[in-house]
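Keep in mind that what you see is a predicted model, and the values were worked out from it rather than measured. Numbered from 1 within each chain, the chains take letters A, B, ... in sequence-line order. Worth knowing before you read on, the calculation uses all heavy atoms, side chains too, and leaves out hydrogens, waters and symmetry mates.
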Amino acid sequence: MNDEMEEIISEFITESEESLDKVEPMFVELEKKGQDADMLNEIFRSMHTIKGAAGFLNFQTIVDVSHSAENIMKKLREGEVTLSANLMDVLLKAIDMLRLLLTHLKSKDGIEEDVSPLVKEMDSALKSASGVSDSPDMTDQKQKHAKPVEIEELIKSYSETDQDTVSAENNTTDTGQETQSMELNEAKENQQKNEAHGQKLKDISSKNLRVDIERIDNVMNLAGEVVLVRNRLLNISSYLEQKYGSDDQVESLMESVSFLDRVTSDMQLAVMKIRMQPIKKVLSKFPRLVRDISSSVNKDVELEIIGQDTEVDKTVIENIGDPLTHILRNSIDHGIESPEERIKKKKSKKGKITINVCQRGNQIVIEISDDGKGIDLAKVKSKARDIGLITTDEAATMTSEAATDIIFMPGFTMKDVSSELSGRGVGMDVVKTNISQLNGYVQVITEKDVGTTFRLCIPLTLAIIQALMVEVSGIKYAIPLSPIEETMKVSKDDIESVSGQNVIVIRDKVYPLFNLNRLLRTSSDGLDNPDHMYLIVISLGDKRFCVAVDKLNGQEEVVIKNLKGVDTTSSHVLGATITGDGKVVFILDVTGMSMNLVGASSS
Amino acid sequence: MTINYTQKVLVVDDFSTMRRIVKNLLRQIGFTDIEEAADGAQAFSKLKTGGFGFVISDWNMPNLDGIGLLKMVRDDDELKEIPILMVTVESEKDKVITAIQAGINNYIVKPFTGEILKEKIDIIFDNTSTLMKELNK
């Protein structure tokens, strides 16, 4: 029984949190629209449902808060009061409190919150919104509610007589005939309303299934293993085909392996999709965030979200919230000007931030654009020089793309005194780190007085990737294919040196060149054959550089296996994989490597 | 009259936690065969498959709400006798009267305990057996 209760409570917490997630952005929408029967109803039902279950589970504080919220929602729904800023604030406070109470439940920390001040605040906000005056309402209520004793008698009387005499009975009861027919009509109306809205509020529980995350991860892991084995079989069978191609059995084997190959690819896609969810899960909290932040700095900002149905992997959903929040804060704090400034610049008083999510090839691209004042690169450079992040020389020769990268350097800040929000110098570098951990990268496009766009590019799948197999000094490595622009064979005569840095000119563009051994700081220094080498041209955002290796061993689909106890940031290793010929090979983190390179920007 | 605890019960509510809570309470009372539905429409189709002893239903649900389900059941020749227990909230007492006219057997206010639920179920079956006695006279 106890386990059952545990599960019920856990389900209650999950469902309530989801319910709150769903209705919170509706509040901000309602503030804009003013009225929307469906939304008001949704929010009401959400509070009503949470209160109902909490009552059974004896969570009195949750009952109290949701009860007061439900009261307010009821009045709003019935049009008896209008949604003032005061009511909105108090309702949002209620949602925050409910979230807090649910968090306490989840962590079982036993902390109790005193909700009575909030409840009082909510009740008085409702009173003042309804123009007060208790008396007329109360007497109406008394008449509407029949006393419990009467109802019991009614039930007894109905069960003992047949339907025909029921209507006669109606007339003789205390509640009176008019109220009876009114209620019947009301019931009919509600029924019609429910049926009409029923289509919109269709219950999707029958289409969904709750599954333990661990089970899904287990399936993903097994799928990964199947991919590895498939790679092995492809490898072995191609060898056998060369050697024993005419043998019937070998032919059958080839057919089977070919089929396995196709099915495995399909399975991979299908398994990847299991973990994908619409990104709106993360984006839904932003309308409110933008509202709260902009009012705290006295700016007027509108948020538009496009493409919230775009699906992304669960890991992205779990890790993209923080970077997006930092960027939004940055845009509101530093990007969007105050209403007065905007008017002076002949811009609309209301600033606009757009979040645009779309899938491009095998990447998810998230763009956050504001129509603010843009990033003043000259100021950024001089500030960075003052703080000591770059030297005067670097500031002078730096390209504008490299300059925008400065804002991501740890410790960089534009403010002299940290404001409440940003300006402490920890926001933007966290963004860059978070995104690289998702194997993605950030680009910044900015124009003075026009605005700034942050573009986040993240690969679709994280577990299985296409990789280029390379070899340097006899050791094999795998390099993810996505940042690779091209590969080429060069001789040592093609390499030049500029200010001590090896470079190569490709189609009139100069690319810095790095020896993979040096990048990985392995013990071997040079390349096996200094006369010839293979170059891998890497393109990451605006960074372009070349990595030199001894051999290229073709492309392979690899499953990234995480390595426990390895510091991926300092070692530049994403993980390891088992190749088609059964060997363990490190997968390199090119994005990580690129962050430590100086002078890797395109010129 | 002793209640038949082996009869099949249908629990209707659009919030799955609620269904679980009610199911748990029913099990504590002694019922073992309990099925669920998330709205009135689902409930009606389930009932049509036959064999249900009684129904406990919430009132506010999408697609087809409590009173809608009630009316469909009472209109249906096969199902019209099925006892229905309506789950309501404190402030909806005025709706109870509408429900009584439409034919619920009893109502129960949430939150309720297993004991209260048992009492209400007892009353339903007591009333039904009284009704049967009356009809057979």
Side-chain angles (χ1 to χ4, degrees), chain A residues 1 4-5 7-9 11-16 19 45 48-58 63 70-71 74 141 144-148 150-151 154-160 163 166-167 170 173 175 179-180 183-184 186-187 190-191 194-195 197-203 205-206 210, chain B residues 13-25 27-28 36-42 58-68 71 74 83 87 89-107 109-113 123-124 126-128 130-131 134-135:
Chain A
M1 270 312 177
E4 179 66 16
M5 272 318 281
E7 277 186 40
I8 291 180
I9 292 178
E11 200 174 320
F12 165 70
I13 295 173
T14 311
E15 287 205 305
S16 302
S19 187
R45 280 168 44 80
H48 175 81
T49 308
I50 293 177
K51 185 183 86 164
F56 275 98
L57 303 168
N58 286 318
V63 171
E70 188 196 26
N71 279 346
K74 202 188 273 184
Q141 301 285 1
K144 272 174 103 183
H145 291 232
K147 293 175 227 143
E150 293 163 8
I151 297 184
L154 267 175
I155 294 180
K156 283 214 190 94
S157 60
Y158 275 111
S159 61
E160 285 166 2
Q163 285 302 92
V166 156
S167 30
N170 278 354
T173 57
T175 47
T179 355
Q180 289 285 329
E183 280 160 0
L184 271 171
E186 201 189 274
N190 279 346
Q191 171 66 359
N194 274 348
E195 275 163 8
H197 289 179
Q199 285 308 107
K200 294 182 200 170
L201 304 173
K202 230 177 164 72
D203 185 37
S205 64
S206 43
R210 265 189 213 289
Chain B
D13 191 306
D14 57 327
F15 196 38
S16 81
T17 305
M18 269 312 300
R19 293 196 299 269
R20 238 180 141 162
I21 291 174
V22 174
K23 207 166 163 179
N24 201 25
L25 290 172
R27 282 212 202 96
Q28 284 178 21
E36 305 177 30
D39 61 46
Q42 259 187 38
D58 191 33
W59 223 234
N60 298 304
M61 298 178 290
N63 277 340
L64 189 64
D65 66 0
I67 193 153
K71 289 187 177 150
R74 293 291 177 244
V87 177
V89 291
E90 189 57 42
S91 54
E92 281 176 341
K93 292 246 179 79
D94 50 325
K95 295 218 172 103
V96 172
I97 297 175
T98 320
I100 294 170
Q101 289 176 299
I104 55 161
N105 297 73
N106 208 340
Y107 75 103
V109 179
K110 62 180 176 185
F112 48 84
T113 60
I123 295 175
I124 290 181
D126 242 2
N127 276 340
T128 315
T130 314
L131 181 60
E134 286 293 311
L135 288 174

All heavy atoms of Ala53(A) vs all of Phe15(B), minimum pair found to be CB-CE2, 3.8 Å
For Thr17(B), is there any backbone N or O sitting under 3.5 Å from a side-chain donor or acceptor partner on Glu15(A)? yes
Please report the closest heavy-atom contact between Asn60(B) and His48(A), naming both atoms and the distance. ND2-NE2, 3.9 Å
Indicate the atoms forming the closest heavy-atom contact of Gly52(A) with Lys110(B), along with that distance. CA-CE, 4.3 Å
If one checks every heavy atom of Thr113(B) against chain A at 4.5 Å, the contacting part turns out to be neither
Between Phe12(A) and Ile21(B), is any pair of side-chain heavy atoms under 4.5 Å apart? no
Does any backbone or side-chain atom of Leu57(A) lie under 4.5 Å from a heavy atom of chain B? Answer side chain, backbone, both or neither. side chain
Point-to-point distance, once rounded to the nearest 0.5 Å, from CZ of Arg20(B) to CD of Glu7(A): 4.5 Å
Give, for atom CE of Met18(B) and atom CD of Glu11(A), the distance between the pair rounded to the nearest 0.5 Å. 12.0 Å
Tell me the closest heavy-atom pair linking Pro111(B) and Gly55(A), and the distance in Å. CB-C, 3.4 Å
